[in-house]
Every structure is written in C-alpha cells, then in structure tokens.
Amino acid sequence: MDPVQKKIEDLREELTKHNYNYYVLDNPVIPDYEFDMKLKELQELEARHPEFYDVTSPTVRVGGMITKNFETVVHEYRMYSLDNSYSKEELEDWEKRIQRILGDASVEFVCELKYDGASISLFYEEGELVRGVTRGDGFQGDDVTNNVKTIRSVPLRLQGDYPEKFHIRGEIILPREGFAKMNRERVEAGEDPYMNPRNTASGSLKLQDNSEVAKRPLDCLLYSIAGENLDFRTQFEGLEKARSWGFKVPTVAKLCHSTGEVMDFVNYWDVHRHELPYETDGVVIKVNNIAQQEELGYTAKAPRWAMAYKFKAEQVSTVLNSISYQVGRTGAITPVANLEPVLLAGTTVKRASLHNADQIEKLDVREGDTVFVEKGGEIIPKIIRVDFTRRDPDSVPTAYITHCPECGTELIRKEGEAQHYCPNYYGCPPQITGRIQHFISRKAMDIEGLGSETVELLYKEGLIENYADLYLLKKEQIVPLERMADKSAENLIAGIEKSKEIPFERVLYALGIRFVGETVAKKLAKAYISVDALKEATPEDLVSVDEIGIKIAESVAEFFRNENNLEIVERLRSYGVQMEISPEKLQGRTDTLKGLTFVVSGVFEILSRNDLKKHIEDNGGKVASSISSKTSYVVAGDNMGPSKREKAEKLGIPIISEHDFLEMIP
Ligand code: AMP
Ligand code: ZN
C-alpha cells in the first residue's frame with residue numbers, strides 16, 4: 001500500500017477509536033490537545049491527497065457542508081408515537097390489555113428512560129452511516145445527514161458483527177452542561193438565551209451550515225433497531241447488540257417481570273434523573289420479546305407493545321415576594337421574580353426569570369401572588385402560571401417599569417423586540433461596569449489580577465469610567481483601595497500590561513459590541529484585518545461577510561458611528577492594544593483578490609469548502625453566502641444547486657471551477 005495512504009488510514013482508525021472512547025464511552029485516553037494535533041495532521045494529509053477521500057473519515061465531523069434544502073425522505077419503517085400513562089393504575093390496565101391478547105404467555109418488560117430531544121432515524125449499510133432522517137410526521141422526515149455526521153457519538157463506521165442493512169432510532173439531545181454553556185455565550189454576546197435543550201437540539205438539526213452544527217455539543221442516544229432478518233429476539237438483546245456495534249446506548253435500561261418492578265424503576269428515576277447529564281421526561285416500557293411485539297402490533301399512531309410513563313413536571317408553588325429589574329451590560333432590562341425559597345428538583349429556588357414585559361402581561365403575575373414554578377432546561381426556573389384561586393382580591397396588575405432602576409433614564413423598546421432597554425449607554429452604572437467586566441473577562445482581554453468586584457470598586461472610586469481608563473491606572477492609586485495590597489496592585493497592573501498582547505480578534509470581541517460574540521469577532525477580524533477598515537464598513541459591506549446578518553451589521557456600524565466609541569478605540573490603540581491582525585498572522589496572505597466577492601457552492605475535489613474559503617480570505621477576497629449582483633465569481637463544485645446556477649447565469653456572474661480558482665491565486 002502507498003505509505004501516505006497507510007498513514008491516512010492509520011490516523012483515521014486511531015482517531016475513530018479515540019472519538020469512540022471519548023464520546024460514546026465517556027472515557028478519553030489521550031489529552032484533547034493530542035487528539036486535535038492528530039486530527040489536524042489527518043486534515044492536511046487528506047487535503048493534499050484527495051484520491052484517498054473517505055466519507056467516514058473523522059475529519060468530516062468538523063463540517064464544511066451547506067444544506068440549502070433538506071430533502072424529504074419516506075421512512076421505510078414508520079416512526080410511531082408512544083401512548084402516555086401517568087399512574088400505576090394506567091400501567092396495570094395496559095399490562096392487562098397485553099395479557100388478554102397474548103394469553104397465558106409470560107411477558108417481560110424493558111424499562112428505558114425517555115430522552116427528551118429530537119428523534120432521528122439512522123440508516124446503515126455495510127457498516128457505514130448512509131443517512132440520517134428526522135421523524136417529521138412519522139411517515140416522512142427530512143434528510144439531515146450532513147448535520148448528523150458532525151455529532152461525535154454517531155458512529156460513521158460500525159465495529160463488530162453488524163447486519164448488512166438496518167435502521168436505528170434514537171434521540172438527538174443537548175446535554176444540560178453544553179446547553180448552559182451555549183446560553184452563557186449567547187447572553188455574553190447580548191443575544192437572547194435559548195429556551196430549552198430539546199428545541200435547541202431539534203433546531204440544530206435544521207441548520208444549513210454543518211460546521212455550525214459541529215460546534216454544538218449534541219449527543220445521540222439510541223434505543224431501537226428496525227430491519228429485515230435481524231438476529232436478536234428481544235429488545236434488550238437489541239440494545240446490547242447496538243452497543244457492541246459502537247452506538248451510544250444508555251446502560252440504565254432494565255429488564256422487569258412485573259408492574260411492581262416497573263414502578264420501582266419509575267420511582268427511582270423520577271428522583272435520580274436530575275443527576276443525569278441530560279434531560280428525560282419519563283420512562284418507556286417495552287414488551288421485551290420481539291415475537292410478542294409483532295403479535296401485539298400497532299394502533300393508528302403507536303405500538304401496542306410500548307408505553308411511556310410521563311414524569312410529573314417538576315413544579316412547585318410558592319409566593320412571589322417581589323419583582324425586580326436587572327440591567328445588563330447592553331442595557332437590556334430583565335425582570336426577575338424574587339420568590340419565597342422553595343425546594344425544586346433537588347435545589348432551593350429563590351428567583352425565577354420573567355423574561356420581559358409581554359411575559360408578565362401574558363401570565364398576569366403580580367407581587368404577592370402564589371405562583372407555580374417549573375424547572376425545564378433553563379438556567380434559572382420559570383414561572384408557568386399564577387394560582388388565581390389564591391390571589392388577593394385587592395391586588396393590582398403589575399405595571400412594568402418605565403424608567404431605568406439604576407440611572408432613572410426613560411426606557412425604550414425597539415420595534416419588534418421583546419426587551420426594554422436603558423439607552424443611557426455612557427451614564428448607566430451597570431452598563432458601564434458591565435462593559436468593563438466583559439472587556440477583562442477570560443475570553444476577551446483575560447486580565448489577570450482584576451475581577452468583577454474590583455471593577456465596581458474602581459468605578460465607584462472614580463478611577464475608571466470605561467475600559468480604556470484601565471490602561472492609565474497607577475499602582476499608587478490602587479494600593480489604598482479596600483482589600484488591596486502592594487502585591488495585588490502590582491499583579492493588576494501587570495495583568496493590564498500583558499493584555500496588550502491579546503490578538504485583535506479578541507480585542508474586537510472585548511469591545512462588547514452588541515451581537516458580536518467570539519465567532520463573529522473572529523470572522524470580522526479576518527475579513528477586515530484592522531479596526532480602521534472595519535470602522536469604515538457600511539452595513540451593506542458587512543453583510544457580504546459570510547454569516548454576518550443585518551442585525552449584527554447594523555450593530556457594528558452603529559458602534560463605530562459613535563464618536564465616544566471611536567475615541568476610546570483610538571485611546572486603546574495609543575496605549576498599545578492590538579487594533580489589527582499581527583504581521584506574523586498575515587504571513588502567507590496577499591491582496592490578489594481584493595475587492596472581489598466569491599460565493600462557494602457544491603462539493604469539491606481538491607479543497608474542502610473551509611480551505612477554499614480560507615484561501616479566498618487569505619488573499620484579500622470576501623466570501624458571501626448568497627449570489628447577488630455584487631458577487632464577482634461563483635466557485636462551483638459538484639452538486640451545485642440548480643437554482644444557484646440559474647441565478648448566477650441570470651445575473652451574468654462567471655461560474656468557475658476550483659481549478660480555475662487555484663489559478664487565480666499565487
Ligand atoms: P411522543 O413524542 O410523546 O409521542 O413520544 C415518542 C417519542 O419518544 C419517540 O418518537 C422518541 O423520539 C422518544 N423517545 C425517547 N426515548 C425513547 C426510548 N427510550 N424509546 C422509545 N422512544 C423514545
Ligand atoms: Zn440605566
């Protein structure tokens with residue numbers, strides 16, 4: 001075998017194994033860094049040797065494919081719903097119905113958890129993942145294969161003794177921790193948090209760019225196999241087999257012989273499910289024997305051989321003592337319910353989110369009300385309804401605040417937005433300190449020796465009013481402050497000094513422009529190279545950058561229209577903060593493609609889409625996501641969508657191949 005091919009195949013095998021250890025077994029055996037280096041090595045080899053392309057290579061998980069329209073696929077085996085039950089009695093009735101049909105035969109049950117996510121059907125042929133389809137209406141769903149492939153726990157290639165062809169069903173979920181992390185990042189970027197992990201998981205499956213899906217910490221738990229000539233006789237065996245082929249099948253499944261045992265399982269997990277890393281909303285009880293399942297068959301919408309037992313929503317009632325209003329660093333107002341402390345799902349709850357004025361009006365919540373509080377996937381619990389039977393007859397509807405609780409400025413609410421804002425950008429204390437706190441945070445300027453409380457203290461003492469002021473601080477000013485000593489003051493100054501090395505893309509994130517999170521900051525830094533170029537960009541220019549929408553574009557342009565901001569940016573630059581991408585990073589870059597805008601479409605032979613885009617940007621060109629009169633060239637690979645082609649032809653935009661493109665750059 002060709003030595004390069006051998007190297008590629010060895011790397012693939014090794015990475016696939018580590019991937020399995022990490023994501024399926026939750027038991028990594030090498031450090032992440034080492035994994036990343038090997039993956040990078042493989043990516044480079046594959047880019048140089050497209051002749052060894054393999055659809056199951058671990059590199060496909062990184063993404064780089066766009067799905068414009070998700071194709072509808074008819075399910076070979078229908079994806080049924082489940083009947084629900086809520087009590088032991090209902091379960092006993094179900095068992096009786098089954099026994100009536102099956103006669104004297106003894107019946108075993110498998111209890112599994114009901115994972116709360118988006119259902120998926122995966123089709124494998126000769127051990128390779130061929131297709132992933134959403135449930136849709138149960139008869140047909142959407143082909144989301146490109147997106148599913150990025151989920152690390154979905155095996156691209158199976159191990160062991162698997163059937164030649166089969167479908168396997170499971171649930172795509174977003175574990176609590178990953179969900180919370182995504183939301184923290186959104187909130188930091190000034191965006192509304194996602195409501196719950198289930199909707200976010202199913203929304204993720206329909207994203208067009210699968211490199212975005214790849215960034216989300218999705219997971220896939222499997223629970224049932226469908227196909228011809230499968231060589232197992234029970235559901236339980238099926239689960240074990242699937243596990244042995246490399247699928248992630250939770251081990252909590254239990255074989256039970258009576259409703260009593262089933263109820264033990266239910267009662268145990270009703271309490272302990274909060275310790276699981278993901279959300280569950282019940283237990284699914286299935287007749288174990290597949291011959292018996294076949295005998296029982298299906299109703300119009302669900303199998304007769306399975307039953308969901310729904311956990312009671314984790315709800316408690318408590319008194320709403322007061323409503324207070326928080327002001328974020330972007331000026332957004334969030335109403336918060338202060339509750340009489342109460343125990344819910346294992347933790348004491350004192351506060352709940354009320355989201356915005358509409359939510360308060362919709363629920364008609366008032367101070368002093370008794371309310372029901374529920375814990376879903378949200379970071380903090382939410383109020384779901386008021387117990388009107390216990391409302392004080394003298395209570396009056398909640399009047400939403402009209403002025404900022406911190407600075408007294410009249411609040412505004414933009415057309416189409418749910419949140420009220422305090423427009424006093426320069427005078428509202430939590431906005432001022434919030435921006436500085438964001439600036440110094442780990443993912444931004446990462447200033448060691450300076451914490452949120454110190455920022456508030458420095459502001460209160462009149463030593464700083466914006467983040468540029470940090471760079472003028474002197475040790476003598478800090479030492480006299482509360483809880484400060486010589487050493488800590490020195491550390492603080494040293495930390496500020498060191499932040500001057502932070503690269504431009506992070507400085508851009510640190511500026512705290514609304515809607516500019518880490519990823520967007522990176523994209524903008526790459527596209528514009530320097531703050532000078534960025535501040536000249538109009539919203540129309542900005543949207544031509546890949547993945548920059550009009551909301552972000554307008555926010556960026558607005559930021560740089562503001563004289564105050566411009567002055568602060570100039571000051572930062574004069575103190576030595578990086579305001580452009582460093583020359584080292586720019587190496588290998590040219591401006592050969594300056595002024596040209598490219599749209600990349602289809603699948604390529606030599607370069608991955610990401611590499612192609614990188615070449616465009618490294619040579620000064622811009623990548624746009626859709627064809628318009630501003631497009632200079634369309635780089636087309638295989639499978640370019642016909643509607644794109646038509647549009648390019650209509651507008652007279654040249655369509656070039658990747659070879660043509662490679663000719664254009666040095
Ligand atoms: P429902 O959507 O309430 O009709 O419930 C049916 C759905 O439960 C199925 O479509 C699956 O997506 C989901 N589900 C979650 N966990 C399981 C499991 N262990 N076995 C079967 N279905 C499950
Ligand atoms: Zn204010």
Side-chain angles (χ1 to χ4, degrees), residues 80-117 119 169-171 173 176 198 221-224 232-240 242-243 249-299 301-317 342-347 372-377:
Y80 283 91
S81 272
L82 289 169
D83 284 331
N84 289 327
S85 60
Y86 300 89
S87 67
K88 180 163 181 257
E89 291 65 41
E90 283 178 271
L91 265 188
E92 282 167 347
D93 286 346
W94 173 61
E95 195 187 342
K96 278 187 208 132
R97 287 201 299 278
I98 287 177
Q99 277 298 349
R100 218 173 296 138
I101 300 174
L102 297 178
D104 303 332
S106 76
V107 183
E108 277 183 338
F109 299 97
V110 180
C111 289
E112 294 165 31
L113 289 173
K114 189 165 186 292
Y115 322 112
D116 202 10
S119 13
R169 267 81 194 263
E171 204 79 359
I173 53 149
R176 294 180 218 270
R198 189 204 326 115
L221 308 176
L222 287 311
Y223 49 70
S224 107
F232 51 85
R233 296 174 353 271
T234 67
Q235 163 68 11
F236 200 74
E237 259 180 82
L239 294 177
E240 286 178 330
R243 201 175 291 130
V249 179
T251 48
V252 296
K254 183 164 179 272
L255 212 50
C256 297
H257 302 85
S258 65
T259 315
E261 274 181 64
V262 170
M263 283 313 295
D264 288 345
F265 184 92
V266 168
N267 292 331
Y268 179 85
W269 284 108
D270 197 359
V271 177
H272 291 273
R273 65 190 167 117
H274 307 302
E275 296 153 20
L276 292 167
Y278 44 80
E279 299 204 328
T280 53
D281 62 343
V283 168
V284 186
I285 304 124
K286 300 172 184 173
V287 169
N288 190 31
N289 186 309
I290 290 175
Q292 288 181 339
Q293 288 185 2
E294 279 165 7
E295 197 177 337
L296 290 163
Y298 297 82
T299 66
K301 66 173 260 284
R304 285 199 190 84
W305 47 266
M307 180 60 85
Y309 184 101
K310 287 287 191 81
F311 291 133
K312 284 194 191 56
E314 307 154 60
Q315 256 183 31
V316 283
S317 81
V342 62
L343 200 65
L344 172 63
T347 50
F372 289 97
V373 183
E374 191 177 286
K375 198 153 186 175

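Hydrogens, waters and symmetry mates play no part in the numbers below; they use all other heavy atoms, side chains included. Bear in mind that the values here come from a model prediction, so they are computed numbers and not experimental data.
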Q. Would a line drawn from the ring center of Phe109 to the ring center of Trp94 be shorter than 6.0 Å?
A. yes

Q | Pairwise side-chain contact, Thr251 with Arg243, heavy-atom cut-off 4.5 Å (strictly under) | A | yes

**Q.** Contact check, side chains of Pro250 and Tyr115, non-hydrogen atoms, under 4.5 Å
**A.** yes

State the [atom1]-[atom2] distance between [X] and [Y], to the nearest 0.5 angstrom.
X: Glu171; Y: Tyr223; atom1: CD; atom2: OH; answer: 4.5 Å
X: Glu295; Y: Ile101; atom1: CD; atom2: CD1; answer: 8.0 Å
X: Phe311; Y: Asn267; atom1: CZ; atom2: CG; answer: 9.0 Å
X: Cys111; Y: Met263; atom1: SG; atom2: CE; answer: 10.0 Å
X: Leu221; Y: Asp116; atom1: CG; atom2: CG; answer: 11.5 Å
X: Ile285; Y: Lys114; atom1: CD1; atom2: NZ; answer: 11.5 Å

**Q.** Listed partners of Gln99 passing side chain to side chain donor-acceptor pair (under 3.5 Å), at least two apart
**A.**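 Side chain to side chain donor-acceptor pair (under 3.5 Å) check on Gln99 returns nothing, list empty.
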
Side chain [X], main chain [Y], donor-acceptor under 3.5 Å:
X: Gln315; Y: Phe372; value: no
X: Arg233; Y: Asn288; value: no
X: Arg273; Y: Asp281; value: no
X: Arg304; Y: Leu296; value: yes
X: Glu279; Y: Ile173; value: no

Q. Stepwise, does the side-chain hydrogen bond (donor to acceptor under 3.5 Å, both in side chains) test hold for Gln235 with Gln293?
A. CA-CA 9 Å; Gln235 163 68 11; Gln293 288 185 2; 4.6 Å; no

For the student: nearest non-hydrogen atoms of [X] and [Y], plus distance:
X: Val262; Y: Leu91; result: CG1-CD1, 3.8 Å
X: Leu343; Y: Val316; result: O-CG1, 3.6 Å
X: Phe236; Y: Ala253; result: CE1-O, 3.8 Å

Q.
Between Lys286 and Glu112, does any side-chain N to carboxylate O distance fall below 4.0 Å?
A. yes

Q | Salt bridge flag under 4.0 Å for residues Lys88 and Glu92 | A | yes

Q.
For Leu113 and Trp269: C-alpha separation, side-chain torsions, deciding distance, then whether side chain to side chain contact (heavy atoms under 4.5 Å, CB included) applies.
A. CA-CA 8 Å; Leu113 289 173; Trp269 284 108; 3.8 Å; yes

Taking only distance into account, with no hydrogens and no angle test, what donor-acceptor pairs under 3.5 Å do side-chain atoms of residues 80-87 form with protein atoms, sequence neighbours excluded?
| residue | atom | partner | partner atom | Å |
| --- | --- | --- | --- | --- |
| Ser81 | OG | Arg135 | NH2 | 3.4 |
| Asp83 | OD1 | Lys301 | NZ | 3.4 |
| Ser85 | OG | Ala308 | O | 3.0 |
| Ser87 | OG | Glu90 | N | 3.2 |
| Ser87 | OG | Glu90 | OE1 | 3.4 |

Q. Would you call the rings of His272 and Tyr268 parallel, tilted or perpendicular if under 30° counts as parallel and over 60° as perpendicular?
A.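 His272 vs Tyr268 ring planes: parallel.
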
